[in-house]
Asks: 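Okay, here's the structure, questions in a sec.
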Amino acid sequence: MHDVDNPLVSVITPMYNCQDYIGQTIASVSKQTWPHWEMLIVDDGSTDAGVAVVNEYMKNEPGIRLFSLPANTGAYAARNKAIEHARGRYFAFLDSDDLWLPEFLEYSLNFLTRNNLAMCFSSYDMITEDGTTVIDQVIVPDETTYTDMLKLNTIGCSTCIYDTEQVGKVFFRNLPMHEDHACWLEILKKTGRAVGIKKILSLYRIRANSLSRNRFKAMQARWRVLREVENLGLLKASGYFCHYAYLGEQKNRAVLKRELKTKLTSWARRLLSRQAM
């Protein structure tokens, strides 16, 4: 039975070759001002030392539970493994290279309960791979609906939290990309809406080799969600896809512009530093 006054939050974290980041991710959960959490980390057939890093943290953090898949299957399978074993009333998602600010859980839970909501998501900063610089800031809309999400996914995976007593356990589809988008659509069919938090509560790390950065594959995955998962007709799916392509391209250009500016600024500083020596 769930503790009504101090509900447990299950933090769902898939991990694949993230030895350089998983320690920081775990630390950001350990520093949460809401102490009632469990962190379910599922290793998806990693070939690096990520499991060893997690085991080291588990020595001093009893809230962490580690599971392993026999082979690299995909983030959807890792998340589903964690969901199967999750015991919390609330589910929150944190990828193994992203970070939460210390008040993420407490603020999100208070927001949910105060507004009698089933699902919410927060604004976030996009940071460089080394975590030292903010590239861009994403301020989410006041709310999103199923129809809104067919046009554009405005829910960052590591910013979402939902109430299983209202929604149930929602599992991820077997998709190479956009499996989180498909999951949010499934939840929104039940809840009607998810409400956005304007406050920055998490940090999304931009990595050079990130699968989500491959624009062509991302567009293929989005089309598959519209046609095969949501079973939309060709005309309707095409309309939503064009909307996504236009808005997504605008967003990508803005991020790339900020990235270029950040790199040029860093290069200029290094150059000036060398000249001053």
Side-chain angles (χ1 to χ4, degrees), residues 11-29 31-32 75 79 92-105 107-108 111 120-144 148-149 151-161 177-181 183-184 194-219 221-222 244-270:
V11 182
I12 310 299
T13 301
M15 180 179 71
Y16 178 69
N17 288 350
C18 272
Q19 65 176 23
D20 295 332
Y21 312 110
I22 187 61
Q24 299 173 45
T25 300
I26 292 172
S28 77
V29 177
K31 294 175 183 177
Q32 289 298 300
R79 292 193 182 107
F93 300 87
L94 180 61
D95 286 347
S96 55
D97 51 1
D98 292 341
L99 306 168
W100 282 342
L101 297 184
E103 67 269 35
F104 173 83
L105 286 178
Y107 194 100
S108 298
F111 187 83
C120 69
F121 57 105
S122 75
S123 301
Y124 57 96
D125 281 339
M126 302 174 73
I127 59 175
T128 52
E129 188 164 0
D130 62 7
T132 61
T133 307
V134 174
I135 300 172
D136 203 1
Q137 191 174 76
V138 178
I139 304 300
V140 297
D142 292 333
E143 68 174 37
T144 190
D148 293 332
M149 286 285 286
K151 299 174 184 177
L152 187 68
N153 181 8
T154 54
I155 301 178
C157 189
S158 294
T159 75
C160 176
I161 182 168
M177 296 176 69
H178 290 295
E179 71 282 353
D180 57 332
H181 180 214
C183 184
W184 310 153
V195 178
I197 298 173
K198 299 296 184 181
K199 185 179 179 65
I200 300 291
L201 292 174
S202 64
L203 307 176
Y204 172 69
R205 193 186 305 269
I206 299 294
R207 297 171 61 186
N209 63 345
S210 172
L211 182 62
S212 61
R213 301 268 287 170
N214 187 312
R215 186 68 177 149
F216 180 69
K217 288 184 177 179
M219 294 180 78
R222 174 56 67 100
Y244 154 75
Y246 174 72
L247 293 179
E249 190 60 33
Q250 284 188 321
K251 179 181 177 181
N252 281 347
R253 287 180 180 178
V255 172
L256 289 172
K257 185 176 180 180
R258 290 291 298 272
E259 283 183 324
L260 179 60
K261 182 179 179 181
T262 299
K263 289 178 181 178
L264 288 174
T265 301
S266 177
W267 176 81
R269 287 174 178 171
R270 289 198 302 268

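Any value given below was found using the heavy atoms of this structure, including those in side chains, with hydrogens, waters and symmetry copies removed.
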Asks: Any chance NZ of K198 has more than 12 other-residue heavy atoms, nucleotides or ligands included, within less than 6.0 Å?
Replies: yes

Asks: I135 and T128: which non-hydrogen atoms are nearest, and at how many Å?
Replies: CG1-CG2, 3.6 Å

Asks: Main chain of L152, side chain of H181: is a donor-acceptor contact present, judged purely on distance under 3.5 Å?
Replies: no

Asks: Say whether, by atom type as modelled, one donor and one acceptor occur between the side chain of T25 and the main chain of S96 under 3.5 angstrom.
Replies: yes

Asks: Tell me whether S28 contacts the main-chain N or O of L99 through its side chain, where contact means a donor paired with an acceptor under 3.5 Å.
Replies: no

Asks: For the side chain of T159 and the backbone of G156, is there at least one donor-acceptor N/O pair under 3.5 Å apart?
Replies: yes

Asks: Under the criterion side chain to side chain contact (heavy atoms under 4.5 Å, CB included), I'd like the reasoning laid out for L203 against Y124: C-alpha separation, chi angles, the key distance, then a yes or no.
Replies: CA-CA 6 Å; L203 307 176; Y124 57 96; over 6 Å; no

Asks: Quick check for you: to the nearest 0.5 Å, what is the distance between I22 atom CD1 and Q19 atom CD?
Replies: 11.5 Å

Asks: What's the shortest heavy-atom distance between E179 and A75, and which atoms?
Replies: OE2-CB, 3.7 Å

Asks: Do I161 and C120 have side chains that approach each other closer than 4.5 Å (heavy atoms only, starting at C-beta)?
Replies: yes

Asks: Which pair of heavy atoms, one from I127 and one from G131, lies closest together, and at what distance?
Replies: CD1-CA, 3.9 Å

Asks: I need the minimum non-hydrogen distance between F111 and G196, along with the two atoms involved.
Replies: CZ-O, 3.9 Å

Asks: Of the non-hydrogen atoms in N153 and I155, which two are nearest, and what is the gap between them?
Replies: OD1-N, 3.0 Å

Asks: Any donor and acceptor pair, going by atom type alone, linking the side chain of S123 with main-chain N or O of V140 inside 3.5 Å?
Replies: yes

Asks: Any side-chain heavy-atom pair from I200 and S122 closer than 4.5 angstrom?
Replies: no

Asks: To the nearest 0.5 Å, what is the distance between CG (L105) and CG (L201)?
Replies: 9.5 Å

Asks: Who passes side-chain contact (heavy atoms from CB on, under 4.5 Å) against C183, sequence neighbours left out?
Replies: V170, F172, I187

Asks: Are any side-chain N or O atoms of E129 and backbone N or O atoms of R207, one a donor and one an acceptor, separated by less than 3.5 Å?
Replies: no

Asks: Verify whether the ring centers belonging to F93 and W184 lie closer than 6.0 Å.
Replies: yes

Asks: If you round to the nearest 0.5 Å, how far is CG of D125 from CD1 of I206?
Replies: 11.0 Å

Asks: Do the non-hydrogen side-chain atoms of V134 and M126 ever get within less than 4.5 Å of each other?
Replies: no

Asks: Quick check for you: to the nearest 0.5 Å, what is the distance between T144 atom OG1 and M149 atom CE?
Replies: 5.5 Å

Asks: Please report the closest heavy-atom contact between F121 and A194, naming both atoms and the distance.
Replies: CE2-O, 3.5 Å

Asks: Report yes or no: does Q32 contribute a side-chain atom to a donor-acceptor pair with the main-chain N or O of L101 at less than 3.5 Å?
Replies: yes

Asks: Once side-chain contact (heavy atoms from CB on, under 4.5 Å) is applied, do any residues pair with D98, and if so which ones, sequence neighbours excluded?
Replies: L94, D95, S158, Y204, R205

Asks: Is there side-chain contact between M177 and R222, with heavy atoms separated by less than 4.5 Å?
Replies: no

